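Below is one structure, written out as structure tokens; comments come after it.
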Amino acid sequence: MEAFDPAELPELLKLYYRRLFPYAQYYRWLNYGGVIKNYFQHREFSFTLKDDIYIRYQSFNNQSDLEKEMQKMNPYKIDIGAVYSHRPNQHNTVKLGAFQAQEKELVFDIDMTDYDDVRRCCSSADICSKCWTLMTMAIRIIDRALKGKYQQCLSGGGQDVKKKVHLSERIHPFVRKSINIISKYFEEYALVDQDILGSKESCDKILALIPENILSQDHFYNDRHGYLLEWEIMLQYCFPRLDINVSKGINHLLKSPFSVHPKTGRISVPIDLQKVDQFDPFTVPTISSICHELDAISTNEEEKEENKTESDNKHRTRDYKKTSLGPYVKVFEKFLENLDKSRKGELLKKSGKTMPFPFSYLDLSIVV
């Protein structure tokens, strides 16, 4: 993969926003089929420019306006905000108190830093293949929660509490489902990759999760509560740790799909739920690699692209298909197709008509 040099980012961004960013799909997502008038126009966009210049409360009339501004500003980072009562770029002209955030996507934010007390391989924002399994489990558990309507079981907090999990003998169905998911990964993740029994310090962490009255027994594991302790430890180490404020706060910003990470150069890509176990964050394309792939196009084809008029912008965005970004855009397109089906199903339901196709779908995408 082409090595990323942060010094080259300004020039790479120019090419990326001119020829590779999937504008059509991006607009299709945030416009939601035009179900509500001015839905896209009232959406906030935030750009972080070179030297950490931060611009909030931007909004655009349509895809073309968004496209032109992104190509003009070449943002280092893109964040998506809420849908507001008024156009965000006019918020200073609105009567005090009238400008209000009204809607945003349901977001679950998981920071690797929050797992530092239960992983030995990395710390802070660093990740490796040994601890990425935590994200795989988190995706599967959150997906299960949403499909099974167990949203109330997802919560955050408790970061300063040593023992975060307390189970009773009446186990909630969602907890059982989560344990079933974790158990598929736990042995390799915890005992092999993290080696949680490999040192006195890590063993002491586990012992600290066992109540004193049970720990003092000679054969505490044979106690009828033994299996609950095992499950509590599994959940303590592997259950998703969510930043609940991001989910609750309607005016929280969301890192945009297909934004570029300015330090690593990696593109924020959606993950295919059907292939989450095969997803490798270290093979995600960088802006350097996809721009290099685009440069590898024949000179003749490149000259034709340069001679295209402004009206050919729609066709130019298809250049991503010639690069390793293509499969990730395809995942995004699949999500959009199912979003359209869902919306049509809701409209038919409201009209009292029968849906012309069976439908049961949820797509959860995260960006890295």
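Just so you know, these numbers come straight off a predicted model, no measurement behind them. Hydrogens, waters and symmetry mates play no part in the numbers below; they use all other heavy atoms, side chains included.
The OG atom of Ser289 sits 7.5 Å away from the CD1 atom of Ile267 when rounded to the nearest 0.5 Å.
In this structure, the side chains of Asp277 and Arg140 come closer than 4.5 Å at one or more pairs of heavy atoms. Within the 4.5 Å cutoff, no side-chain heavy atoms of Ile244 are placed close to those of Leu242. In this structure, the side chains of His261 and Phe4 stay at 4.5 Å or more apart for every pair of heavy atoms.
For Tyr237 and Tyr189, the ring centers are positioned 6.0 Å apart or more. Between Phe60 and Phe45, the ring center distance clears the sub-6.0 Å criterion. Aromatic pair Phe332/Trp29: ring centres closer than 6.0 Å.
Residue-environment remark: CD (Gln102) exceeds the threshold of 12 foreign heavy atoms within 6.0 Å. Environment of CD in Glu187: sparse, with no more than 12 heavy atoms of neighbouring residues, nucleotides or ligands closer than 6.0 Å. By the neighbour-count criterion of 12 heavy atoms within 6.0 Å, atom NZ of Lys77 is densely surrounded, having more than that number from other residues, nucleotides or ligands. Counting heavy atoms of neighbouring residues, nucleotides and ligands inside a 6.0 Å radius, atom CG of Asp280 exceeds 12 of them.
Looking only at distances, a side-chain donor or acceptor of Lys205 sits under 3.5 Å from a matching main-chain atom of Asp117.
Both Val175 and Leu209 are members of a single hydrophobic cluster when ILVMFWY side chains are connected at heavy-atom separations under 4.5 Å.
Residues Glu67 and Tyr27 bring no donor and acceptor atom of their side chains to less than 3.5 Å of each other.
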